[in-house]
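Below is one structure, written out as structure tokens; the observations come after it.
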Amino acid sequence: MLFKESIEIAFNALLSNKLRSILTMLGIIIGVGAVIAMISVGMGVQQKVTNSIASLGSNMLIVMPGSANSGGVRSAAGSSQKLKLEDAEAIKEKIKNIDYVAPTVNSSYQVVYGNQNWNTSVYGVTPEYMAIRDLTVSTGAFITQSDLSTRTRAAVVGTTVAANLFGTVNPVGKTFRIDSSPYKIIGVLESKGQSSMGRDQDDVILIPLTTAQERLLGITYIQSINIQVSRLDKMDQVQNEIETLLRQRHRIIGNKEDDFTVRNLTSLMETMNSTTTMLTLFLGSIAAISLIVGGIGIMNIMMVSVTERTREIGIRKALGATFKNIMMQFLIESISIGVIGGFLGIVFGISTSLLISKFGGFTTVITAAPIILSFGFSVGIGLFFGIYPARKAAKLDPIEALRYE
């Protein structure tokens, strides 16, 4: 009964000063809302980065050319021409725990169909590229081994290229030109959207690797080897084996620098996730400062409340209220501010996150963890910053309190 009465007294005290109570809660509302919104933005960024790297393929290693060195002068990274198709074949044949190996070359070209033209990236690929990059053909077919053997002028286009050259017309079976040479479209890829770096993954044309090397680019080397490892726990082992194999094939001995680079996308994803997690925690920590400010506001108002109700406290003590009773009454008031402010802050935070996602151009991810933590923190703030005013009220001498004017 005493606890129930204390709750009723606490809410009556809050309702008797509605504006002051709302202003006190405002710090908690903004703090909880800011924590939820900032963490949702940070988690949205993390998810976008993860999805973007995952769209390149799972358990991926990418072998890239190193820098060329001529007369002591080093060229830019990727300028070496020592990576060959035979290297990719050797990796596929000699190294275990590998599902797919897909060598590629690429360059940008102006492509033309009728009176329409478009500048895009043209990739020379093998059939394994479809599986390793998790591509799906929405219409038509993908490049086959037969296309590689015969150096067919066949092409698979992304949705961006299809829309800009052909509009709403199905492009499969149509012939267009790449660098003035005719190519027949055999398939259209399903859309993959933008990467985390803002690159349109649908703005691409895929043609057989041999066709790209001999008929389009006129080169004998390759520009990358995409490798899908069968098991995540074998990534480091396979990477080391690839590096050893390529050093042997390229006759790199001793401390001589490699003329290639092996990139581990799983390690890259872990690094990016670690970075975005730190960013999320940083944003949440900054937002949490406003909760501390809100707690100081609670203590300030509770101190004012104790001063205003000094005679009331004296009367209660004179009628038999104990130290515990007075403490309970004022703690319930401060905790109530934290509870109500926390609840309204959750509504504010979720609404803000949804608005940011809709109008701000950011992806937001709302999860239960920050909501529960921020609400619990707001209740804890109400309790912590209410202890001192409550103890001050409970320690008042009833005689002195009754004399207070």
Walk me through it: do I185 and F166 pass the test side chain to side chain contact (heavy atoms under 4.5 Å, CB included)?
CA-CA 11 Å; I185 297 177; F166 303 94; 3.4 Å; yes

N97 versus K234, closest heavy-atom pair with distance
ND2-CD, 3.9 Å

Which of these passes side-chain contact (heavy atoms from CB on, under 4.5 Å) with L206: V125, I186, T126?
V125

Side-chain heavy-atom pair V188, V172 within 4.5 angstrom cut-off:
yes

Students often mix this up, so state it plainly: with edges at 30° and 60°, are the rings of F176 and Y183 parallel, tilted or perpendicular?
tilted

Go through the steps to decide whether T144 and D147 satisfy the test side chain to side chain contact (heavy atoms under 4.5 Å, CB included), and finish with yes or no.
CA-CA 5 Å; T144 64; D147 295 324; 3.2 Å; yes

Charged N to carboxylate O under 4.0 angstrom, E312 versus R316?
yes

Would the distance check show the side chain of E190 and the main-chain N or O of L135 forming a donor-acceptor pair, the cut-off being under 3.5 Å?
no

If we ignore hydrogens and angles and just use 3.5 Å, is the side chain of S357 paired with the main-chain N or O of S353 as donor and acceptor?
no

Just checking, any donor-acceptor pair under 3.5 angstrom between side chains of S121 and N106?
no

Derivation of the side chain to side chain contact (heavy atoms under 4.5 Å, CB included) call for M60 and R133:
CA-CA 9 Å; M60 279 278 291; R133 290 293 179 130; 3.9 Å; yes

Salt bridge check: are E128 and K92 linked by an N-O gap of less than 4.0 Å?
yes

Here's a test for you: under side-chain contact (heavy atoms from CB on, under 4.5 Å), which of T159, N164, V157 qualifies with V161?
V157

Looking only at the side chains, is there a donor atom on one of H250 and D258 sitting less than 3.5 Å from an acceptor on the other?
no

On a heavy-atom basis, which atom in T152 and which in P208 lie closest, and how many Å separate them?
O-CG, 3.5 Å

With side chain to side chain contact (heavy atoms under 4.5 Å, CB included) as the test, would you mind laying out the steps for I132 and D99 before giving the verdict?
CA-CA 8 Å; I132 206 168; D99 289 335; over 6 Å; no

